[in-house]
Undergrad: 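This structure is in structure tokens; I'll ask about it shortly.
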Amino acid sequence: MELPAVNLKVILLGHWLLTTWGCIVFSGSYAWANFTILALGVWAVAQRDSVDAISMFLCGLLATIFLDIVYISIFYPRAGLSDTGRFGAGMAILNLLLKPFSCCFVYQMYRERGGEFLSRIGFLGPSQDRSAYQTIDSAEAPVDPFATPEDRGQTARGY
């Protein structure tokens with residue numbers, strides 16, 4: 001199933017708006033993490049052909065999903081929440097819920113810019129370098145370890 005094309009600027013604007021509203025209740029590390037990732041998104045917009053920029057933004061979005069869960073669960077005010085506080089907390093939760101969908105769209109953009117599957121990275125998957133690879137059914141005859149030097153096509157050296 002093909003994902004619809006979504007502009008990166010729309011994703012950034014939506015997350016920026018929800019992050020600013022979420023900062024009404026959650027400030028400090030929540031704001032630092034989310035605005036830093038949004039700055040990486042601005043870099044990805046400015047560098048339209050850069051695989052590094054979009055991959056950093058994608059990894060940052062994935063990291064902030066985990067971080068937002070931690071921030072919201074630890075710092076959610078339990079009592080005395082005003083209407084403004086409920087609105088800010090709701091927007092932070094909505095921001096968190098929309099991030100996996102944004103990751104799907106950003107990953108599609110990553111692939112369009114020439115990025116490979118994340119499982120093909122050298123330390124996460126099998127290496128793509130096959131230069132030293134030898135097949136089992138090679139054309140050469142196997143070497144008999146018990147053969148004499150004459151049988152191997154070599155000359156005997158004074159034995």
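Treat the numbers as computed from the prediction; the structure is a model and nothing was measured.
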Undergrad: Mind jotting down which residue pairs meet the salt bridge (Lys or Arg N to Asp or Glu O under 4.0 Å) criterion with at least one end in residues 22-51? Sequence neighbours excluded, please.
TA: none

Undergrad: Quick one: pull up CG in Leu58 and SG in Cys103 and give me the separation to the nearest 0.5 Å.
TA: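 These two atoms lie 5.5 Å from each other.
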
Undergrad: Once salt bridge (charged side-chain N to carboxylate O under 4.0 Å, His left out) is applied, do any residues pair with Asp83, and if so which ones, sequence neighbours excluded?
TA: Arg86

Undergrad: Look up atom SG in Cys59 and atom CG in Leu40, then write down how far apart they are to the nearest 0.5 Å.
TA: 10.0 Å

Undergrad: Which residues pass the side chain to side chain contact (heavy atoms under 4.5 Å, CB included) test with Ala39, not counting sequence neighbours?
TA: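 By the side chain to side chain contact (heavy atoms under 4.5 Å, CB included) rule, Ala39 matches no residue at all.
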
Undergrad: Would you name the heavy atoms of Ala44 and Leu8 that are closest together and state the gap between them?
TA: CB-CD2, 3.7 Å

Undergrad: For Gly114 and Val51, which heavy atoms make the closest approach, and how far apart are they?
TA: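 Looking at all heavy atoms of both residues, the shortest contact is C-CG2, 4.3 Å.
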
Undergrad: Can you hop from Ile37 to Phe35 via hydrophobic side chains spaced under 4.5 Å?
TA: yes

Undergrad: Can you give each donor-acceptor pair under 3.5 Å made by side-chain atoms of residues 17-29, sequence neighbours left out, with the distance rounded to 0.1 Å?
TA:
unit_1 : atom_1 : unit_2 : atom_2 : d
Thr19  : OG1    : His15  : O      : 2.6
Thr19  : OG1    : Asn95  : ND2    : 3.1
Thr20  : OG1    : Trp16  : O      : 3.2
Thr20  : OG1    : Leu17  : O      : 2.7

Undergrad: Quick check: closest heavy atoms across Leu61 and Thr64, and the distance to 0.1 Å?
TA: O-OG1, 3.0 Å

Undergrad: I'd like to know if Met91 and Leu13 are part of one continuous hydrophobic network [Ile/Leu/Val/Met/Phe/Trp/Tyr, side-chain heavy atoms within less than 4.5 Å].
TA: yes

Undergrad: Considering only residues two or more places apart or on different chains, which pairs with a residue in residues 9-33 satisfy salt bridge (Lys or Arg N to Asp or Glu O under 4.0 Å)?
TA: none

Undergrad: Per the salt bridge (Lys or Arg N to Asp or Glu O under 4.0 Å) rule, what does the pair list look like for residues 15-24, sequence neighbours excluded?
TA: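 The answer is none; no pair qualifies.
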
Undergrad: Give every residue pair that meets the ring pair (Phe, Tyr, Trp, His ring centres under 6.0 Å) criterion with at least one member in residues 57-85, sequence neighbours excluded.
TA: none

Undergrad: Just to verify, what does Val42 make a side chain to side chain contact (heavy atoms under 4.5 Å, CB included) with, not counting sequence neighbours?
TA: Leu12

Undergrad: At what distance, to the nearest 0.5 angstrom, does CZ of Arg111 lie from CD1 of Ile54?
TA: 13.5 Å

Undergrad: Is it true that Met56 and Trp32 fall in one hydrophobic cluster, defined by side-chain heavy atoms closer than 4.5 Å?
TA: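 No, no single cluster joins them.
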
Undergrad: Please enumerate all residues that pass side chain to side chain contact (heavy atoms under 4.5 Å, CB included) together with Ser50, with sequence neighbours excluded.
TA: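 Scan of Ser50 (side chain to side chain contact (heavy atoms under 4.5 Å, CB included), adjacent residues dropped) gives Gln47, Asp52, Ala53.
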
Undergrad: Tell me the salt bridge (Lys or Arg N to Asp or Glu O under 4.0 Å) pairs involving residues 55-74, sequence neighbours left out?
TA: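 Applying salt bridge (Lys or Arg N to Asp or Glu O under 4.0 Å) to every pair that reaches into residues 55-74, excluding sequence neighbours, yields Asp68-Lys99.
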
